[in-house]
Amino acid sequence: MTEATIIDGKAFAAKLRERVGAEVRRITDAHGLKPNLTVILVGEDAASQVYVRNKGIQTEEAGMESVTHRLDASTDEATLLGMIEDLNADPKCNGILVQLPLPDHIDESKVLATIDPEKDVDGFHVINVGRLWTGQNALVPCTPYGCLMMLKDHFGSLSGKRALVLGRSNIVGKPMAALLLNESCTVTVAHSRTADLEERCREADILVAAVGRPEMVKGDWVKPGAVVIDVGINRVPAPEKGPDKTKLVGDVDFGEASAVAGAITPVPGGVGPMTIACLLRNTLVAACRQNGIDAPDL
Ligand code: GUN
């Protein structure tokens, strides 16, 4: 039986996109500035193609300019770095996103370090990582920022809450921990080597699961009434739907956890839609900062 409030990320993201769109119109009218997001995709990874297409569509729907460079999987590192340097120098480009993962022959950390931190709408450059951890004005990674927005909407203040982040990736786990710490949560980062993992999870008022393991977090890992944010997007076989059918599940066993939690994000329709909405928000913020315009508080 579902007792938890379902946090509707799809609706939340739609509202954020509307607010971003309204601000873009205001800034375009007042300053003649149309924010530009440029995405670089190297290779033919199927999931990346879908993400990049959706980014382009939603960027234009928000009234911004979208440019996508699709490069062959065999593109060499120097060519990619040269393209990023050209975009850094182009005042019309406000946001640069290099879709990950990159082919093995390209050094990801070198690529991320080449992006101008002021155009780093992913928030992956070490300058933005450092700003985030020191509480300065960073461009913040989109998925954890989306999680934070939903948590603040649910709780109001997060001050003093016990938060557990399951997963320590640079894209989600670590920046999520920094954001929660900046909101005065008491933060634990747990991972595959954490001792007494289930007990640590049960102590949390806020449980963010970002490990990429289908339905790993069971109902009895969840503190009654806790808020559960499920970042996982895992495609698994769904024989109940027919032979060769698949479905998306999160890192949390939704059926079990939703009977215990106070609120929970579903998969799909929870965290996922927030990522691109936050990317649009970051692009708008970056464009404003680059042009000396007060960035809207979105
Ligand atoms: N691949 C999966 N998630 C992301 C993301 O948030 N940004 C980029 N650039 N690539 C990704």
Side-chain angles (χ1 to χ4, degrees), residues 9 13 16-17 36-59 66-71 73 75 77 80-81 83-84 87-88 93-104 106-129 132 138-150 165 167-179 208-212 229-235 248 250-251 267-268 270-283 285-286:
L16 176 57
R17 290 199 304 272
N36 165 299
L37 172 63
T38 299
V39 174
I40 304 175
L41 172 62
V42 186
E44 269 92 48
D45 181 80
S48 293
Q49 306 253 21
V50 175
Y51 290 139
V52 166
R53 195 168 54 243
N54 287 335
K55 280 170 195 169
I57 292 168
Q58 294 185 27
T59 302
S66 163
V67 175
T68 304
H69 296 290
R70 290 183 167 79
L71 305 182
T75 302
E77 189 180 276
L80 177 57
L81 297 181
M83 180 177 265
I84 293 170
L87 291 168
N88 286 344
C93 169
N94 304 114
I96 303 170
L97 183 145
V98 179
Q99 185 67 28
L100 304 177
L102 288 164
D104 289 344
I106 297 179
D107 181 346
E108 180 183 302
S109 58
K110 219 188 240 183
V111 169
L112 298 180
T114 303
I115 297 172
D116 179 345
E118 308 311 319
K119 298 188 179 186
D120 170 36
V121 285
D122 258 329
F124 294 163
H125 192 290
V126 289
I127 291 277
N128 281 313
V129 176
L132 173 60
L139 286 167
V140 176
C142 301
T143 300
Y145 193 71
C147 297
L148 184 77
M149 288 182 91
M150 292 192 286
V165 180
R168 51 178 159 175
S169 70
N170 291 333
I171 293 182
V172 183
K174 288 179 200 165
M176 188 78 247
L179 286 166
V208 181
V211 270
I229 304 289
D230 190 352
V231 182
I233 302 177
N234 308 289
R235 189 161 285 286
L248 291 179
D251 292 348
V267 177
V271 173
M274 287 299 288
T275 299
I276 297 182
C278 289
L279 174 67
L280 304 178
R281 179 253 177 212
N282 279 358
T283 304
V285 168

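Ligands are counted one by one from 1 in listed order, and the atoms in each one are counted from 1 as well.
Of the possible polar contacts, one joining the K119 side chain to the L87 backbone as a donor-acceptor pair under 3.5 Å is found. Although no hydrogens or angles enter the test, the distance criterion places a donor-acceptor pair under 3.5 Å between the side chain of N88 and the main chain of D116.
Looking at heavy atoms from C-beta onward, R281 lies out of side-chain contact with L279 at the 4.5 angstrom threshold. Looking at L97 and Q99, their side chains come closer than 4.5 Å, going by heavy atoms from C-beta outward.
Qualifying side chain to side chain contact (heavy atoms under 4.5 Å, CB included) partners for N282, counting only residues two or more places apart in sequence or in other chains: V121, L139, C142.
At a cut-off of 3.5 Å, with distance as the only test, a side-chain donor of N128 or D120 sits close to an acceptor on the other residue.
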Quick one: table the atom pairs, ligand 1 N or O against protein N or O, below 3.5 Å, distance rounded to 0.1 Å.
unit_1   : atom_1 : unit_2 : atom_2 : d
ligand 1 : 1 (N)  : Q99    : NE2    : 3.3
ligand 1 : 1 (N)  : L100   : O      : 2.9
ligand 1 : 7 (N)  : D122   : OD1    : 3.0
ligand 1 : 7 (N)  : D122   : OD2    : 3.3
ligand 1 : 9 (N)  : V98    : O      : 2.9
ligand 1 : 9 (N)  : D122   : OD2    : 2.6
ligand 1 : 10 (N) : L100   : N      : 3.0

